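First up is the structure itself, then whatever we jot down about it.
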Amino acid sequence: AVSKNLPPPAAARIVAAQSDAAAATLAGLDRMKRAGAPPAARLARMEQHMRENKLRAATLTERLSRGAQIAAQGEAEEVTSAKEARRLAYFLFWNVLPTGVQRDHVTQEDLEAFLSPDKVRAALDSLDLDKDGHISLQDMRDAVLQIYKERKHLAFTLADAKSVVARLEAVLGVAAHTLAAFAYLVIFRVDVGRVWLMASSCLLAFVFVFGNNIRSVYESLVFLFGVHPFDVGDVLLLDNKDWAKVEEIGLLNTVVVRWDGVKCWVPNARLAAETVPNVSRSEPRWEGFKVAVDITTAPTVFESVKADLEEFFAGNLGEYSGKFLCVANFAGDPLKFTLCVWWEYSHCGEELGRLSLARHGLYMRVAAKLGSMGVRYTLPPYQGMENGMGLPLRPPGEGSTFMPPFAQKAGLRL
């Protein structure tokens with residue numbers, strides 16, 4: 001509030017004065033304690049400081065609330081949407097890139113004109129997503145969008161943590177007041193034994209009814225704050241197959257949105273009992289596929305496909321890291337080979353649209369290459385089989401269609 005109503009220098013002086021006053025009070029209390037001052041005098045000194053200075057947030061709930069507000073205010077002052085984040089990326093790129101140069105990327109020397117030497121390396125590592133030594137416009141855009149999403153998810157995570165801690169604070173408050181009630185009864189010389197006998201009967205019934213809920217709350221607290229396997233915005237694989245994005249984290253349930261837009265409430269107890277892969281916190285994603293080809297396929301085909309893949313990955317470093325493997329493997333059929341291709345993306349694959357487009361481009365590239373080299377998959381020749389009219393099912397030679405199992409029982413010869 002001070003920084004909004006006053007100029008920055010004045011606000012800084014007031015904040016510094018408040019900090020100095022608190023430090024002076026603590027130093028004075030420490031000197032009074034070493035000098036042997038009575039507790040009443042130190043309490044009076046503390047009361048004087050509390051009267052003269054405004055109290056600041058002290059509880060964990062209030063601190064989390066302030067952190068969420070600060071994160072939300074910082075986001076609102078900088079960018080408020082993904083569109084503004086892209087606009088900021090274009091602005092940064094074209095202002096850092098020197099005028100009159102014949103290149104479409106930012107180098108380390110360009111960053112040195114704006115940043116200190118110790119920050120240039122960190123900035124280059126953060127903005128150069130494909131790790132090719134320079135920052136392209138696509139790198140700048142993706143990096144700024146990633147930073148914007150991380151800040152947005154951080155604000156949501158703080159807000160959810162505040163709500164969870166507030167509920168926990170209410171539960172602990174009830175327990176503390178219950179214990180304090182017995183202390184009050186002792187002070188007023190009430191027969192605590194009779195009261196405890198009556199309260200224990202109610203407590204037994206309460207535990208019998210709500211025991212499982214109390215255990216679930218405890219397990220959820222350990223899972224969320226002890227293990228902390230995900231944050232708001234992370235992508236999980238429910239049942240190791242269903243893509244789901246975390247939208248909200250609660251004390252007992254976690255709200256996720258599946259790939260088809262369906263919103264699901266998943267109990268934290270279930271997530272704690274299962275293995276839930278976190279795609280967002282994973283390393284760059286690996287994938288692969290296999291294509292069956294005839295055993296007569298020339299070895300040069302495999303080498304040509306490998307060379308073509310090297311060229312394809314080198315030209316798309318924004319989507320692929322360049323690491324791949326292309327080998328021939330046994331297909332199970334004695335007359336077939338399997339062309340196996342594995343590759344690594346440059347990202348973890350949490351964005352389904354981006355992942356699907358990259359996968360589609362690679363599939364089409366391999367299919368076009370195999371088609372241009374005349375690679376085919378044919379069935380072995382079938383002879384001696386006739387239909388009910390005495391005519392062959394198909395002419396002798398290499399087959400091109402699948403023969404159903406019931407038609408292969410009689411007279412099948414390879």
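Heads up: numbering here begins at 1 and tracks the sequence. Keep in mind the model is a prediction, meaning the values are calculated, not measured.
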Which class fits the ring pair Phe312 and Tyr320: parallel under 30°, tilted 30 to 60°, perpendicular over 60°? tilted
Trace of the side chain to side chain contact (heavy atoms under 4.5 Å, CB included) decision for Leu355 with Glu287: CA-CA 11 Å; Leu355 181 67; Glu287 282 190 355; 4.1 Å; yes
Tyr363, OH: over 12 other non-hydrogen atoms inside 6.0 angstrom: yes
If we only count heavy atoms from C-beta on, is the Val276 to Phe230 side-chain gap below 4.5 Å? no
Minimum heavy-atom separation for Leu352 and Trp259, please, with both atom names. CD1-CB, 3.6 Å
With side-chain contact (heavy atoms from CB on, under 4.5 Å) as the test, pick out the partner of Pro98 among Val106, Asp110, Thr107. Asp110
Heavy-atom check, side chain of Trp343 versus side chain of Cys326, under 4.5 Å: no
Quick one: do Ile249 and Asn268 satisfy side chain to side chain contact (heavy atoms under 4.5 Å, CB included)? Show the steps, please. CA-CA 9 Å; Ile249 301 175; Asn268 292 333; 5.5 Å; no
Any side-chain heavy-atom pair from Pro277 and Asn240 closer than 4.5 angstrom? yes
Close side-chain approach of Leu238 to Leu271, heavy-atom, < 4.5 Å: yes
To the nearest 0.5 Å, what is the distance between CG (Asn329) and NZ (Lys336)? 15.5 Å
Take a 6.0 Å sphere around CZ of Phe330 and say whether it holds more than 12 heavy atoms from other residues, nucleotides or ligands. yes
Minimal non-hydrogen separation, Ser280 against Gly233, with atom names: OG-O, 4.1 Å
Out of curiosity, Trp243 CH2 to Asp260 CG, how far, rounded to the nearest 0.5 Å? 10.0 Å
Evaluate the side-chain proximity of Val375 to Asp294: yes if any heavy-atom separation is below 4.5 Å, no if none is. no
Between the CD atom in Glu247 and the CH2 atom in Trp265, the distance rounded to the nearest 0.5 Å is 8.0 Å
If every non-hydrogen atom of Thr300 is compared with every non-hydrogen atom of Met373, which pair is closest and at what distance? O-CE, 4.3 Å
Residue pair Arg281 / Asp231, side-chain heavy-atom distance below 4.5 Å: yes
Tell me which one of Phe313, Trp286, Trp342 satisfies ring pair (Phe, Tyr, Trp, His ring centres under 6.0 Å) with Phe324. Phe313
What's the separation between atom CG in Leu88 and atom CE in Met140, rounded to the nearest 0.5 Å? 9.0 Å
Might you point out which heavy atoms bring Ser282 and Cys348 nearest each other, and give the distance in Å? O-CB, 3.8 Å
Heavy atoms from other residues, nucleotides or ligands near CD of Glu283 exceed 12 (cutoff 6.0 Å): no
For Ser136 and Gln138, which I'm curious about, is there any donor-acceptor pair between the side chains at under 3.5 Å? no
Using the test side chain to side chain donor-acceptor pair (under 3.5 Å), find all partners of Arg365 that sit at least two apart in sequence or belong to another chain. Asp308
Taking all atoms of both residues into account, what is the closest heavy-atom pair of Gly349 and Arg285, and its distance? CA-CD, 4.4 Å
Between Asp139 and Leu127, the two heavy atoms sitting closest are CB-O, 3.3 Å
For the CD atom of Gln108 and the CD1 atom of Ile135, what is their distance to the nearest 0.5 Å? 9.5 Å
Should the heavy atoms of other residues, nucleotides or ligands under 6.0 Å from NE2 of His360 be counted, would the total exceed 12? no
Carefully, step by step, assess Leu236 and Asp242 under the rule side chain to side chain contact (heavy atoms under 4.5 Å, CB included). CA-CA 8 Å; Leu236 310 179; Asp242 292 333; over 6 Å; no
Could you walk me through whether Asp239 and Glu274 pass the side chain to side chain contact (heavy atoms under 4.5 Å, CB included) test, one step at a time? CA-CA 8 Å; Asp239 299 329; Glu274 298 179 355; 3.9 Å; yes
Do Lys245 and Asp234 have side-chain heavy atoms sitting under 4.5 Å apart? no
Any side-chain heavy-atom pair of Val366 and Phe289 under 4.5 Å: yes
Quick check for you: to the nearest 0.5 Å, what is the distance between Leu325 atom CG and Leu309 atom CG? 10.5 Å
